[in-house]
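All residue numbers in this chain count up from 1 along the given sequence.
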Amino acid sequence: MTVAAELQIHEVRSATATEVTVVVRCLRGPVRLGARFSLVRDTRAPIDLTVTSIVRYHRPDPTVDPGHSALVTLRGTGARELLPTIGETGREVMAVVQGDNPAAS
């Protein structure tokens with residue numbers, strides 16, 4: 001799989017079984033509305049989450065570029081996989097999700 005979109009989760013603001021709102025840093029992209037994430041990088045946990053909202057500087061935005069942060073809402077299955085875990089060092093480890101952007105229109 002070619003990874004065209006990658007987000008590092010910094011904070012989980014809210015999470016339900018089917019939706020999660022997170023503060024992210026874009027590692028690879030840009031990540032666009034409709035991007036679909038299928039894998040949590042380090043745990044290899046399968047997910048199926050689609051970007052439904054991106055907010056940057058308190059305004060809706062269709063993309064978030066590499067190196068930039070945003071508030072992102074994802075919907076689908078696997079939202080709970082994005083909650084932080086405790087690593088071998090006893091420190092909190094945040095998830096990195098990988099996926100693909102929608103085809104350009």
Side-chain angles (χ1 to χ4, degrees):
M1 171 175 99
T2 301
V3 177
E6 191 171 62
L7 295 174
Q8 181 178 36
I9 311 301
H10 280 279
E11 179 186 348
V12 176
R13 291 276 176 98
S14 66
T16 67
T18 60
E19 183 176 277
V20 62
T21 299
V22 289
V23 177
V24 302
R25 179 171 178 257
C26 181
L27 300 179
R28 187 175 300 168
V31 173
R32 298 190 304 266
L33 286 174
R36 198 161 184 182
F37 291 92
S38 57
L39 186 69
V40 178
R41 184 176 71 191
D42 295 332
T43 66
R44 310 302 288 173
I47 56 174
D48 186 9
L49 294 167
T50 301
V51 175
T52 58
S53 171
I54 299 172
V55 176
R56 294 184 58 219
Y57 304 107
H58 306 285
R59 294 184 180 163
D61 199 317
T63 64
V64 58
D65 297 314
H68 291 263
S69 297
L71 184 66
V72 173
T73 300
L74 302 138
R75 285 195 184 126
T77 58
R80 296 199 189 273
E81 295 293 334
L82 305 188
L83 296 173
T85 59
I86 302 301
E88 293 177 9
T89 63
R91 298 181 74 184
E92 199 172 72
V93 177
M94 301 306 285
V96 173
V97 294
Q98 298 177 320
D100 295 298
N101 276 303
S105 44

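- A 4.5 Å side-chain heavy-atom check between Val23 and Arg13 finds at least one atom pair inside the cut-off.
- Between the CD1 atom in Ile47 and the CD atom in Gln98 there is a gap of 9.0 Å [rounded to 0.5 Å].
- Linking ILVMFWY side-chain heavy atoms closer than 4.5 Å, directly or via other members, places Leu49 and Ile9 in a single hydrophobic cluster.
- The hydrophobic cluster containing Val96 does not contain Leu39, counting ILVMFWY residues as joined when their side-chain heavy atoms lie under 4.5 angstrom apart, directly or transitively.
- With rounding to the nearest 0.5 angstrom, the CD1 atom of Ile54 is 6.5 Å from the CG atom of Asp61.
- Side-chain contact between Asp100 and Arg36 is absent, with no heavy-atom pair separated by less than 4.5 Å.
- Closest of all the heavy-atom pairs between Arg80 and Ala17 is NH2-N, 3.7 Å.
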Please table the atom pairs, donor to acceptor, closer than 3.5 Å between any side-chain atom in residues 64-74 and protein atoms at least two apart or in another chain.
from, atom 1, to, atom 2, distance (Å)
His68, ND1, Arg56, NH2, 3.1
Thr73, OG1, Thr21, OG1, 3.1

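- Transitive grouping of hydrophobic side chains (ILVMFWY, heavy atoms separated by less than 4.5 Å) keeps Val12 and Leu27 in distinct clusters.
- A search for salt bridge (Lys or Arg N to Asp or Glu O under 4.0 Å) contacts involving Arg41 returns Glu6, not counting sequence neighbours.
- Between Ala95 and Glu81, the shortest heavy-atom distance links the atoms CB-O, 4.3 Å.
- Note: the hydrophobic cluster containing Val31 also contains Leu33 (ILVMFWY, side chain heavy atoms under 4.5 Å, direct or indirect links).
- Atoms CE and CG, from Met94 and Leu82 in turn, are 8.5 Å apart once rounded to the nearest 0.5 Å.
- Side-chain contact between Thr50 and Arg75 is absent, with no heavy atoms from C-beta onward closer than 4.5 Å.
- One hydrophobic cluster holds both Val24 and Leu83 under the rule that ILVMFWY side chains link at heavy-atom gaps under 4.5 Å.
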